[in-house]
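Right, one structure below, let's go through it.
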Amino acid sequence: MADGKRSLYTKEENRTWILKGMRDGLPIGMGYFAVAFALGIAARKAGMSAMQAGIMSITMLASAGQYGAITVIAGGGGYLQMAVTTLIVNLRYLLMSCALSQKVDPDLSLGHRFLLSYPITDEIFGIAMTVPGRLNPFYNYGAAMVAAPGWTMGAFLGAAVGAVLPRRVENALSVALYGMFLAIIIPAARKNRIVAGIVAVSMLCSFLFTKIPLLKDISSGMQIILLTVLIAGGAAVLFPVKEEAEGGDGDAS
């Protein structure tokens, strides 16, 4: 793949990374299907068709953002209210984009950067940031190739046939998202005590934000942004990561 005047990666490296991304993205896609299925049910109850739910999902890979938009639709809100709600809930992806931009090669083309911005979800971001050294964009492409269809098809089928499912089944499907988060943070926390401590502090602070007056009234999207900035910023100051050799960019092991 040509990037500017030179090729950053060979075709063999790209092929290796895209296969690795598909492998790591497969369980995410399976989890997405279950979560999006429940989201599709909510979309149907809000008066959306299966096609509308599918289009919303393929254009916005964000459960909280989509649920916020569906809630506005169900409440009879206008386009502006829906856009503002979605923007606020999804603002955390700006922070993820900034972090991801520091992990890719500085010479990565603008086209690749635009493509990388599409599948920035909590889970894909999580696995991408654990890749040693520089991130080959084809790793994210591979993960998105299996994760995005799972999310889209889940929402489509949920809106199409989910209304006939019992409430207990619907609630069980929505738990899948928490399982995916645990699958991302537990391995990293077991390898690094600092990461484990930061995860524990994050969970505690997130809980406190739901109980403390004034703080609990802040929107969920803004809560995530505040906690991310404060905790990540504090961790960066207290436990800075030393820049080591960045060779092995093409190591997909």
Side-chain angles (χ1 to χ4, degrees), residues 1-36 54-55 57-63 93-157 176-177 179-192 195 241-253:
M1 175 70 67
D3 249 0
K5 296 183 178 179
R6 66 185 182 88
S7 177
L8 291 177
Y9 311 104
T10 66
K11 291 183 178 180
E12 290 72 20
E13 288 175 334
N14 293 340
R15 187 180 301 109
T16 299
W17 278 107
I18 201 168
L19 291 175
K20 179 176 173 60
M22 293 176 69
R23 183 197 68 189
D24 294 347
L26 181 59
I28 294 177
M30 296 172 64
Y32 277 0
F33 181 87
V35 175
I55 292 175
S57 294
I58 194 64
T59 55
M60 179 170 59
L61 304 176
S63 58
Y93 294 120
L94 292 177
L95 300 175
M96 296 182 190
S97 298
C98 291
L100 201 61
S101 69
Q102 303 304 304
K103 188 150 180 79
V104 299
D105 194 289
D107 295 327
L108 191 67
S109 70
L110 185 61
H112 274 303
R113 292 177 186 270
F114 271 118
L115 289 175
L116 279 173
S117 68
Y118 167 68
I120 296 181
T121 66
D122 300 87
E123 294 76 26
I124 294 180
F125 170 79
I127 61 174
M129 292 303 291
T130 61
V131 172
R134 292 293 185 185
L135 175 69
N136 185 310
F138 282 83
Y139 176 78
N140 283 40
Y141 301 159
M145 285 174 61
V146 291
W151 181 258
T152 304
M153 290 304 299
F156 178 86
L157 293 177
L177 183 62
M180 285 191 296
F181 281 128
L182 291 176
I184 291 174
I185 64 176
I186 288 178
R190 292 179 62 182
K191 292 180 180 179
N192 192 311
V195 173
V241 177
K242 296 180 180 180
E243 289 198 21
E244 300 183 4
E246 294 177 353
D249 293 0
D251 182 11
S253 59

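Numbers here simply count residues along the sequence, with the first being 1.
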Thr152 (side chain) donor-acceptor with Pro149 (main chain) under 3.5 angstrom: no
Would you indicate whether the side-chain heavy atoms of Asn140 and Leu100 approach each other to under 4.5 Å? yes
Give a yes or no on this: more than 12 heavy atoms of other residues, nucleotides or ligands lie within 6.0 Å of atom CE of Met145. no
To the nearest 0.5 Å, how far apart are CZ in Phe138 and CE in Met22? 13.5 Å
Taking the side chain as everything from C-beta on, heavy atoms only, tell me whether Trp151 gets closer than 4.5 Å to Met60. no
Flag side-chain contact, heavy atom, 4.5 Å: Pro137 against Leu115: no
Validation row: Ile127, Glu123 side chains within 4.5 angstrom (heavy atoms): no
Distance-minimising heavy-atom pair for Lys103 and Ala128: CE-O, 3.2 Å
Check step by step if side chain to side chain contact (heavy atoms under 4.5 Å, CB included) holds for Tyr118 and Leu61. CA-CA 8 Å; Tyr118 167 68; Leu61 304 176; 3.8 Å; yes
Spacing of OH belonging to Tyr141 relative to NE2 belonging to His112, to within rounding of 0.5 Å: 4.5 Å
Check the pair Arg23, Leu19 against side chain to side chain contact (heavy atoms under 4.5 Å, CB included), reporting the backbone distance first and the verdict last. CA-CA 6 Å; Arg23 183 197 68 189; Leu19 291 175; over 6 Å; no
With Asn136 as partner, the option from Asn14, Asp105, Thr16 fulfilling side chain to side chain donor-acceptor pair (under 3.5 Å) is Asn14
Closest non-hydrogen atom pair between Met96 and Phe125, with its separation: O-CE1, 3.4 Å
Value rounded to 0.5 Å, distance of NZ in Lys191 from OG1 in Thr130: 7.5 Å
Just so I know, are the side chains of Ile28 and Thr121 near enough to count as touching, which here means a heavy-atom distance under 4.5 Å? no
When rounded to the nearest 0.5 angstrom, what is the spacing between CG in Leu26 and CE in Met30? 6.0 Å
Interatomic distance, CD1@Ile124 vs CD1@Ile120, rounded to 0.5 Å, equals 9.5 Å
Side chains of Tyr32 and Met153 in contact at under 4.5 Å (non-hydrogen atoms): no
Is the closest side-chain heavy-atom distance between Asp122 and Tyr93 below 4.5 Å? yes
Tell me, do Arg113 and Ser97 make a side-chain contact under 4.5 Å, heavy atoms counted? no
